[in-house]
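Heads up, the thing below is written out as structure tokens.
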Amino acid sequence: MNQLIELKNLLSAFPRPRVVITTHHKPDADALGSSLGLLHFLIQLGVPAHVVSPTDYGDFLKWMPGEKEVVNFEKEKEKATALVAAADLIFCLDFNTLSRINLLGDMVANAKAKKILIDHHLEPEGFDDFRLWTTNASSTSELIFWMIELFNEVEKVNESIASCLYAGIMTDTASFKHNSTKPTTHRVAAKLLEKGAKPNRIHEAIYDNYSENRMRFIGYCLNEKMQILHDYRTALILVTAEELERFQIITGDTEGLVNYGLSITGIELSILVVDRTVARKMSFRSKSKFPANAFARKHFNGGGHFNAAGGESADDLQTIEKKLKHLLPEYIAYLN
Ligand code: 5GP
Ligand code: MN
């Protein structure tokens, strides 16, 4: 409660605050949905704001109301830099280490603005002045709704806010299936439906919106690229830069690919490694005991949630494959 008063005080400390909302690079539906949900809520409060994304994002998010106004730092460096430098308040959503916002990180760190962190990932780094943070929320979008409820402003939730937040909750829980789906998650989702979110339309816009290439690429990866390491109950897919080019893979197209391996009976860990040329991006998903975040943090400069984590490597794919196969025996106790 004290926290809430502190946040309210922060918001009212500036009569006409200049507000920037930012989120992690390659934003997913929770990152962008929470950002745009908050944007529309602030507009309802009479506080204009700008959403600044460190990078581009998948086409399947471009239906979100307000998306066209998002400033992509990679494309509009000067505008993004000026907005961050001039801001009184910077909301940092769905990330808690500045490395997750790439080159924007230093700018946010050096900005005179007060930084408000709203996030549900483990171990915040501590660059924030204020935080609404818990790992008990399914998503940052759910946290934005909690904040609106705590402010006693639920009547201001309109269809735009509801749709953006519903999208974030739906995707971060993998359609209400992850263990992070609590009774409260469904209560929040129910309220968002009452406020006009259309579950079928949102689901369709995100999940039934693949290009033909993307679908064929998934088929190719599952049929020809997936290795099953039976001794370690692990599924592994390594995608080369050449394959990305051959299938004309664009931002967002590899999202969700790592989950397929986990659908196999007995598989406890699924790993996807994608050669993004500048670096190899890694995704880890596990079913129960395997600590995906600790593994990513210790060996691949990453982190995340217990069962869903990511990381990066400067090594080539072959070296990564060798390293993984060398490491897995150490983790056998978590994989049986
Ligand atoms: P994904 O595999 O979908 O890229 O990421 C899954 C989760 O892992 C994300 O929600 C995020 O929490 C975390 N994650 C992904 N990549 C990184 C990374 O490079 N560093 C950290 N700290 N976390 C990551
Ligand atoms: Mn999230």
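Just so you know, these numbers come straight off a predicted model, no measurement behind them. We count ligands from 1, going down the list as the structure has it; atoms in each ligand are counted the same way.
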Minimum-distance protein heavy atom relative to atom 19 (O) of ligand 1: G311 CA, 3.8 Å
Metal check, the Mn ion (ligand 2) vs H121 N/O/S, cut-off below 2.8 Å: no
Structural part of E255 in contact with ligand 1, heavy atom criterion under 4.0 angstrom: neither
Shortest-distance N, O or S atom of D94 relative to the Mn ion (ligand 2): OD1
Row check, Y220 ring normal vs R246 NZ/CZ: under 6.0 Å, within 45°: yes
Ligand 1 contact on A308 by region, counting heavy-atom pairs under 4.0 Å: backbone
Within 45° cone of Y166 ring axis and under 6.0 Å: K195 NZ or CZ: no
Ring centers of H299, Y331 separated by less than 6.0 Å: yes
Nearest-contact summary for atom 10 (O) of ligand 1 - protein heavy atom, Å: H121 NE2, 3.6 Å
contact_flag H24 ligand 1 heavy-atom lt 4.0 Å: no
Nearest candidate to atom 9 (C) of ligand 1, where distance is taken over non-hydrogen atoms, out of K26, R285, R100: R100
Interfacing atoms of ligand 1 (cut-off 4.0 Å, heavy-atom, K281): 4 (O), 15 (C), 16 (N)
Polar proximity ligand 1 side, G303 side, N/O cut 3.5 Å exclusive: yes
Element-labelled atoms of ligand 1 that are located less than 4.0 Å from some non-hydrogen atom of S283: 1 (P), 2 (O), 4 (O)
Which N, O or S atom of D30 lies nearest to the Mn ion (ligand 2), by name: OD2
N, O or S atom within D172 nearest to the Mn ion (ligand 2), by name: OD2
Cationic tip of K62 above F60 ring, under 6.0 Å, 45° of axis: no
D275 backbone acceptor or donor facing K281 side chain under 3.5 Å: no
Ionic contact status for D128 with K114, cut-off 4.0 Å: no
Part of R297 with heavy atoms under 4.0 Å of ligand 1, whether side chain, backbone, both or neither: neither
For G304, the ligand 1 atoms whose distance to one of its heavy atoms is below 4.0 Å: 8 (O), 12 (O), 13 (C), 23 (N)
Test item: D315 side-chain N/O and I320 main-chain N/O as donor-acceptor pair under 3.5 Å: no
Atom 15 (C) of ligand 1: nearest protein contact (heavy atom, Å): G310 CA, 3.3 Å
Atom 20 (N) of ligand 1: nearest protein contact (heavy atom, Å): G302 CA, 3.5 Å
I21/L42 under side chain to side chain contact (heavy atoms under 4.5 Å, CB included): CA gap, chis, key distance, verdict: CA-CA 10 Å; I21 301 166; L42 292 174; 4.1 Å; yes
Between S286 and N307: side-chain donor-acceptor atoms closer than 3.5 Å: yes
Among K225, R276, R216, salt bridge (Lys or Arg N to Asp or Glu O under 4.0 Å) partner for E243: K225
Minimum side-chain heavy-atom gap Q318-L238 below 4.5 Å: no
Distance in Å, D119 CG paired with C92 SG, rounded so as to fall on 0.5 Å steps: 9.5 Å
Residue part near ligand 1, for E312, under 4.0 Å between non-hydrogen atoms: neither
Contact check, M282 vs ligand 1, heavy-atom distance below 4.0 Å: no
